[in-house]
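These notes are about the structure you will find just below.
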Amino acid sequence: MALRLYNTLSGKIEEFQPLDDNRIRMYACGPTVYDYGHIGNFRTFIAVDLLRRFLRQSGYAVNYVMNITDVDDKIIRNSARDGVSVKQYTAKYEKAFLEDVEALNIEQPKLVRATDHIAEMAEFIAKLQKKGFAYRSEDGSYYFRIANFPAYGKLSKKDFAGMEDGARVDVDEYDKDNARDFALWKAPKPGEASWETSIGPGRPGWHIECSAMSMEELGESFDLHAGGEDLIFPHHENEIAQSEALTGKPFARFWMHARFLLVEGEKMSKSLGNFFTPRDLMLKGHKPSAIRFLLTSVPYRNQLNFTFDGLKQAASNVEKLRNFQSRLTQGQFPAGAPENMVALAVETTERMKAGMNDDLNTAQAQAAMFDMVRKANAAMDANQLKKDDVPLLLAVLGKFDEIFSVLKDDDAAKMKRIAEWAKAEGREKDISPELLDAVRAAQLSDQQVNQKLAEMEQARRTRNFKASDAIRAELAAAGIVVENTKDGARWKRK
RNA sequence: GGCGCGGUACCCAAGUGGUAAGGGAGAGGUCUGCAAAACCUUUAUGCGUCGGUUCGAUUCCGACCCGCGCCUCCA
């Protein structure tokens, strides 16, 4: 059973087989670092992260490259506004992006920066010009000649043949041969960042970086190219045009696009006041694990309604999984060979795999996991779960977490970093009481907590409940929740 | 206007031509020194509306209503 994935290019779900036997080469359009990334951006990045993780789990070696766009109109405009260099400006947001990636447990892809590949882009354009697919305008800009690339529109399913040229000509771009032709290279303007290259001075157009860098890193043809659904046109369409015009070979075989999300049932926009970055949410006291889990809970091609209620639900989900894990790892179980748990473990593994193989149906995979959790918990309650069942169930849970990555409880530490960042940015006022609670939970070390726990257990054994309750209260005040079970005490950070 | 996606319980949400996964929340219960956790029961004769095809439709077809995306560098 192999992965079946929706391919925007064909408009169908197809079996995903790599060009090489066992090696996957994939590319995703990363952030333009002109501002902090928002949850919509991260939905896409997490969806691709899930794909990458699942492919690896399925036995493939995955080479995953993502670009960072560190030069574009907004960056130039904003850096000028702030009176800093483009490099200084983008460095801040690139750093923030990497921090967010880490906070959300997105495994870092190989990152490539546009400004590190200007020369290659110039070369790319020069070759296109030689082949007749690019032309230079009077001011020194270069454009792609769509008329010479008949396949234009195959990704976005647009038929440009019947469209009237020049219907919507941008007055600033009067020197294009055809209104649909797009910029490969922009001639320098006074005060704007510019590079000296083999094709003259200027800066790259938006699309060329992805063509040049993906080709350099992954070859002329590779397996999969991903991004948000808005990128289908014009960005990815233009990438295909540039790349295939140059090489005459198919560019990416699979095109994966993540659907936009809604926030509280409405589209996310700054004007509606429902525009959120992961940082905003963490400042409000939401755990990064909950943010990640919510963003994975709806399959990537479905619209996801991101709500604060949903965020709470996701936090409960994560906690349920973590509780289950600690119950398994810390509980005492009767000796004995595994019996009914074997079938459950196998069935769950298969259901998860079948779900993910079905165009990354994360909801199905999660449902399978929660079924297992409920049944295994019931078995534990009935004292039917044997010692040898434990590694079996933990292995299934581990497989789940190789993809979803929410079990490790480092939320408090991550939120502490956000609080520090907010202070450094002069945004103390945005730090919520809930965030302070979470940060407090990071203050005691594991060792300190375990020390207190031992004292509490001692008090309980001697039925000195007054003392044990005092310790419980003390730990609770430090953001530590203690659960007493017949097999001993467990704790977790609030 | 062109192209495309979706509307499932209080909330999030999967799914199927044969009678509705999973989670959260609520209610009741079991367990329990306290506090949790966990488990059990319960909450859609119903899947936007109206027609049609069919032995049978939430699932296919049509119309309509509503939401969302792309068609100008927004993931």
Side-chain angles (χ1 to χ4, degrees), chain A residues 8 11 28-32 37-48 69 72-74 153 156-160 162-163 168-170 173 179-180 182-183 205-207 226-235 237-238 257-262 265-269 293-294 297-317 319-321 323-324 326-327 351 355 358 361-371 373-382 460 463-466 468-469 472-473 475-476 481-486 489-492:
Chain A
T8 308
C29 289
T32 300
H38 55 71
I39 53 176
N41 298 119
F42 286 104
R43 180 194 196 187
T44 300
F45 300 142
I46 286 174
V48 184
T69 300
D72 90 320
D73 291 350
K74 286 189 289 286
S156 53
K157 314 285 184 282
K158 292 183 194 303
D159 181 10
F160 294 99
M163 286 196 183
R168 293 200 282 182
V169 178
D170 183 332
E173 296 178 327
R180 293 265 164 204
F182 57 88
W206 177 33
H207 320 291
E229 62 171 332
D230 60 313
L231 297 183
I232 295 170
F233 190 88
H235 185 52
E237 194 70 70
N238 291 352
H257 295 99
R259 187 91 202 260
F260 270 24
L261 49 71
L262 299 179
E266 295 186 286
K267 63 172 143 180
M268 182 168 74
S269 73
F293 200 72
L294 178 55
S297 64
V298 179
Y300 75 98
R301 282 204 301 133
N302 292 3
Q303 201 163 52
L304 179 159
N305 187 11
F306 193 100
T307 64
F308 282 95
D309 193 42
L311 213 40
K312 280 195 206 107
Q313 294 178 13
S316 300
N317 291 153
E319 204 174 320
K320 193 183 184 84
L321 295 170
N323 285 339
F324 178 65
S326 61
R327 199 175 175 191
R351 277 179 68 196
D358 181 13
N361 191 330
T362 48
Q364 291 284 19
Q366 292 178 359
M369 190 69 244
F370 282 115
D371 271 336
V373 169
R374 191 186 63 250
K375 285 174 182 162
N377 270 326
M380 284 189 259
D381 282 358
R460 291 181 76 244
R463 300 191 69 79
N464 184 354
F465 293 125
K466 201 174 172 189
S468 84
D469 286 352
R472 181 192 301 286
L475 286 171
V481 178
V482 180
E483 294 171 11
N484 298 99
T485 74
K486 61 180 168 54
R490 290 199 299 262
W491 64 274
K492 61 193 173 193

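Sequence lines set the chain letters: A, B, ... in the order given, protein chains first and strands last, and positions in each chain run from 1.
For A/K267 and B/rG69, the shortest distance from a side-chain N or O to OP1 or OP2 is below 4.0 Å. Of the side-chain N and O atoms in A/N484, none sit less than 4.0 angstrom from OP1 or OP2 of B/rC34. Residue A/K320 places at least one side-chain N or O under 4.0 Å from the OP1 or OP2 atom of B/rC39. Between A/N41 and B/rA75 there is a side-chain polar atom (N or O) within less than 4.0 angstrom of OP1 or OP2.
Not a single donor-acceptor contact under 3.5 angstrom links the side-chain atoms of A/R374 to the base of B/rC39. A donor N or O paired with an acceptor N or O is found under 3.5 Å between the base of B/rC34 and the side-chain atoms of A/R472. For A/R460 and B/rG33, a side-chain-to-base donor-acceptor distance below 3.5 Å is present, hydrogens and geometry of angles not being considered. Evaluation of atom-type donor-acceptor distances gives no pair under 3.5 Å for the side chain of A/N361 against the base of B/rG15. Put simply, the side chain of A/R43 and the base of B/rA75 share no donor and acceptor less than 3.5 Å apart.
B/rC47 and B/rU41 have their C1' atoms separated by 25 Å, given to the nearest Å. Straight-line distance between the P atoms of B/rU43 and B/rC10: roughly 13 Å, to the nearest whole Å. Distance noted for atom C1' between B/rC60 and B/rG2: 26 Å (whole Å). Nucleotides B/rG22 and B/rC40 are separated by 11 Å at their P atoms, to the nearest Å. Nucleotides B/rC31 and B/rG6 are separated by 49 Å at their P atoms, to the nearest Å. Nucleotides B/rG26 and B/rU54 are separated by 48 Å at their P atoms, to the nearest Å. A gap of 11 Å separates the P atoms of B/rA57 and B/rG52, to the nearest Å. Across the P atoms, B/rU8 and B/rU59 are found 14 Å apart, a figure rounded to whole Å.
The residue A/T485 sits apart from the nucleic acid: no heavy atom pair falls under 4.0 Å.
Applying the Watson-Crick and G-U wobble criteria (two distances, each under 3.5 Å), B/rU45 pairs with nothing in any strand. As the counterpart of B/rG1, B/rC71 is assigned, both hydrogen-bonding distances of the Watson-Crick or G-U wobble pattern falling under 3.5 Å. When Watson-Crick and G-U wobble pairs are counted only if both distances are under 3.5 Å, B/rG28 pairs with B/rC40. B/rG6 is paired with B/rC66 under the criterion used here, namely a Watson-Crick or G-U wobble arrangement in which both key atom distances are under 3.5 Å. Across all strands shown, B/rG33 forms no Watson-Crick or G-U wobble pair with both distances under 3.5 Å. Both distances falling under 3.5 Å, in either a Watson-Crick or a G-U wobble arrangement, occur for no nucleotide opposite B/rU53. Nucleotide B/rU19 is matched to nothing when pairs are restricted to Watson-Crick or G-U wobble geometry with both distances under 3.5 angstrom.
Each of A/K375 and A/G265 was matched to the nucleotide of RNA chain B holding its nearest heavy atom; the match closer to the 5' end belongs to A/K375. The residue among A/K312 and A/V373 whose nearest nucleotide of RNA chain B is located toward the 5' end is A/K312.
Side-chain atoms of A/D381 lie closest to B/rA38 of the nucleotides B/rG67, B/rA21, B/rA38. Taking every side-chain heavy atom of A/Q303 into account, B/rC68 is the closest of B/rG22, B/rC68, B/rC34. Relative to the side chain of A/N377, the nucleotides B/rA38, B/rA13, B/rG33 differ in distance, and B/rA38 lies closest. Of all nucleotides listed (B/rA38, B/rA13, B/rC70), B/rC70 comes nearest to the side chain of A/F233. In this structure, the nucleotide among B/rA21, B/rC74, B/rA37 sitting nearest to the side chain of A/K74 is B/rC74. The side chain of A/V298 lies closest to B/rA13, out of B/rG33, B/rA37, B/rA13. Closest to the A/R463 side chain, of the nucleotides B/rC73, B/rC74, B/rG33, is B/rG33. Checking B/rG22, B/rA37, B/rG33 against the side-chain heavy atoms of A/A367 singles out B/rG22 as nearest. Which of B/rC12, B/rA75, B/rC70 sits closest to the side chain of A/K158 comes down to B/rC70. The side chain of A/E229 lies closest to B/rG69 when the candidates are B/rG69, B/rA37, B/rG22.
Taking CG from A/N305 and CD from A/E266, the interatomic distance works out to 9.5 Å, rounded to the nearest 0.5 Å. Once rounded to the nearest 0.5 Å, the distance linking CG of A/L231 with CH2 of A/W206 reads 5.5 Å. Taken from CZ in A/R472 to CZ in A/F465, the straight-line distance is 10.5 Å, to the nearest 0.5 Å.
Salt bridge absent: A/E237 and A/K158 never bring a charged side-chain N and a carboxylate O closer than 4.0 Å.
With respect to A/F306, the side chain to side chain contact (heavy atoms under 4.5 Å, CB included) criterion is satisfied by exactly one of A/L294, A/V298, A/L262: A/L294.
Taking the 5.5 Å centre cut-off and the 30° plane limit, the aromatic side chain of A/F465 is classed as stacked on B/rG33. A stacked arrangement is not assigned to A/F45 and the six-membered base ring of B/rA75, the conditions of a centre distance below 5.5 Å and an interplanar angle below 30° not being jointly met.
Taking atom CD of residue A/Q313 and atom P of nucleotide B/rG22, one finds them 16 Å apart after rounding to whole Å. Nucleotide B/rC5 holds its P atom 11 Å from the NZ atom of A/K157, rounded to whole Å.
Using the six-membered ring where Trp is involved, A/H235 and A/H207 have ring planes that are tilted, between 30° and 60° apart.
Counting heavy atoms from C-beta on, the side chains of A/E229 and A/T8 never come closer than 4.5 Å.
The backbone N or O of A/P299 sits nowhere less than 3.5 Å from a side-chain atom of A/R259 that would complete a donor-acceptor pair.
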